[in-house]
Amino acid sequence: MSRAVRPHIRGDLPGFRQRGLEVTRLEGFSDAVFGFALTLLVVSLDVPRTFTDLLVTMRGFPAFAICFLFLALIWNSHYKFCRRYGLDDGFARFLTCVMLFLVLFYVYPLKFLFNFTASGLVGGAANAITLKLSEFTLLMIFYGVGFAAVYLSMMFLYLHAYKLRNELELTELEKLDTRSQIWRFVILASVGILASILACFPPFVRYSSMIYLSLFPLLRAQRIWHYRRRAPYLETIAVSGFPPQIHTDF
């Protein structure tokens, strides 16, 4: 189910062992899909023929940068999952394919949303994309559901790894890190769901986009709480030179 554990290989978190040290076919397939998704963000752009066309094209750079960042964050989360747990069983493949399907399906809506936002900020009123209230409502609902679905698929991947904690021989510190990552994805998905719900009510449509700003303090607070919880484990490792003893759950 998983590859052999090499306990002395440190990962992105101090004290968390990397179990996936080789690139599997699943990870290679995921990288190819993410690369294709990034291609879709720019494939519709024609080569500028005049300097004016170049300026118009450059106005879309902020939207492309935000979309790129969003896809890079999702890719990085999946990359960390593969390195930390090295899972390549059927359920992990299924959840990864669900996540990749959602990423590909939402590339164009994602691009349209940020083009809509950036056109008013960068392009000016003459180049701004206009939407009716009903269209903007559907756009925010569509984006919120997709945002939540992508991070829910990541949450289920980490939840699957946590259910296999005994088979993976996770230490108490690694269990804490896994639970913390699950809660992190719960926060992300909950904000997306809340944004969709707010968009369903006309008086609160404007807040459906602003609610995503709450992710910065929420995720920051969750990270601080996580680091404080794992500090005693790191002190144990620093003193003994070994991770805390593995406890088997029954």
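Using bins of under 30°, 30° to 60° and over 60° for the plane-to-plane angle, the ring pair Phe204/Tyr207 lands in the tilted bin. Phe147 and Tyr143 have tilted rings, their planes meeting at an angle from 30° to 60° on a 0 to 90° scale.
Residues Glu27 and Asp88 form no side-chain contact, since every pair of their non-hydrogen atoms from C-beta on lies 4.5 Å or further apart. Within the 4.5 Å cutoff, the side chain of Pro202 has no heavy atoms near those of the Thr137 side chain. Counting heavy atoms from C-beta on, the side chains of Asp177 and His226 come closer than 4.5 Å. In this structure the side chain of Arg206 never reaches within 4.5 angstrom of the side chain of Leu198, judged on heavy atoms. At a threshold of 4.5 Å between non-hydrogen side-chain atoms, the residues Cys200 and Ile141 count as touching.
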Exercise for the section: Please lay out, stage by stage, how Phe81 and Thr96 fare under the test side-chain contact (heavy atoms from CB on, under 4.5 Å). Expected result: CA-CA 11 Å; Phe81 172 83; Thr96 299; 5.5 Å; no
Problem - Test log, rule side-chain contact (heavy atoms from CB on, under 4.5 Å), inputs Leu188 and Leu152 - result: CA-CA 8 Å; Leu188 286 161; Leu152 281 175; over 6 Å; no
Practice task
Please report the C-alpha distance between Arg17 and Arg84 in whole Å, then the side-chain angles of each, then the deciding distance to 0.1 Å, and finally whether the side-chain contact (heavy atoms from CB on, under 4.5 Å) criterion is met.
Solution key: CA-CA 7 Å; Arg17 299 172 296 172; Arg84 291 174 181 175; over 6 Å; no
Practice task
Evaluate side-chain contact (heavy atoms from CB on, under 4.5 Å) for Met140 paired with Ser209, printing each intermediate quantity in order.
Solution key: CA-CA 7 Å; Met140 294 311 301; Ser209 57; 3.8 Å; yes
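A donor atom on one side chain and an acceptor atom on the other are found under 3.5 Å apart for Thr178 and Tyr85. Counted by atom type alone, Gln222 and Arg184 present one or more donor-acceptor pairs between their side chains at under 3.5 Å.
With respect to Arg19 and Glu174, a salt bridge is recorded, a charged nitrogen being found less than 4.0 Å from a carboxylate O.
Atoms OG and CE, on Ser77 and Met154 in that order, are 5.0 Å from each other to the nearest 0.5 Å. The structure places OG of Ser214 at 8.5 Å from CG of Leu219, a figure rounded to the nearest 0.5 Å. Between Phe34 atom CZ and Thr39 atom OG1 the span is 13.0 Å, to the nearest 0.5 Å. To the nearest 0.5 Å, atom CZ of residue Arg179 and atom CG of residue Leu170 are 10.0 Å apart. Separating the OG atom in Ser30 from the CD1 atom in Ile74 is a distance of 12.0 Å, to the nearest 0.5 Å. Distance check, rounded to the nearest 0.5 Å: CG of Leu168 to NZ of Lys175 gives 11.0 Å.
Geometrically, Arg230 does not engage Tyr233 in a cation-pi contact defined by less than 6.0 Å to the ring centre and at most 45° from the axis.
Scanning all heavy atoms of the two residues, the minimum distance from Val191 to Ile211 falls at CG1-O, 3.8 Å. Shown here for Tyr151 and Ala189, the closest heavy-atom pair between the two residues is CB-N, 4.3 Å. Minimum heavy-atom separation, Ala195 to Tyr212: CB-OH, 3.5 Å. Across all their heavy atoms, Val23 and Gly28 have their closest contact at CG1-N, 4.1 Å. The shortest heavy-atom contact between Ser153 and Met99 is OG-CB, 3.3 Å. Here the closest heavy-atom approach between residue Val103 and residue Ala37 is recorded as CG1-CB, 4.1 Å.
Partners of Tyr106 according to the ring pair (Phe, Tyr, Trp, His ring centres under 6.0 Å) rule, which considers only residues two or more places apart in sequence or in another chain, are Phe142.
Heavy atoms of other residues, nucleotides or ligands lying less than 6.0 angstrom from OH of Tyr79 number 12 at most.
Under a hydrophobic clustering in which Ile, Leu, Val, Met, Phe, Trp and Tyr are joined whenever their side-chain heavy atoms come within less than 4.5 Å, directly or via other members, Leu194 and Leu138 fall into different clusters. Trp225 and Tyr162 are not part of a single hydrophobic cluster, where members link through side-chain heavy atoms under 4.5 Å apart.
Tested against Arg93, the residues Leu26, Val98, Leu87 include a single side-chain contact (heavy atoms from CB on, under 4.5 Å) partner, Leu26. Partner of Lys80 under the side-chain contact (heavy atoms from CB on, under 4.5 Å) criterion, chosen from Phe16, Tyr158, Trp75: Tyr158.
Checking side-chain atoms of Ser180 against main-chain N and O of Leu176 turns up no donor-acceptor pair under 3.5 Å. Between the side chain of Arg83 and the backbone N or O of Gln18 there is no donor-acceptor pair closer than 3.5 Å.
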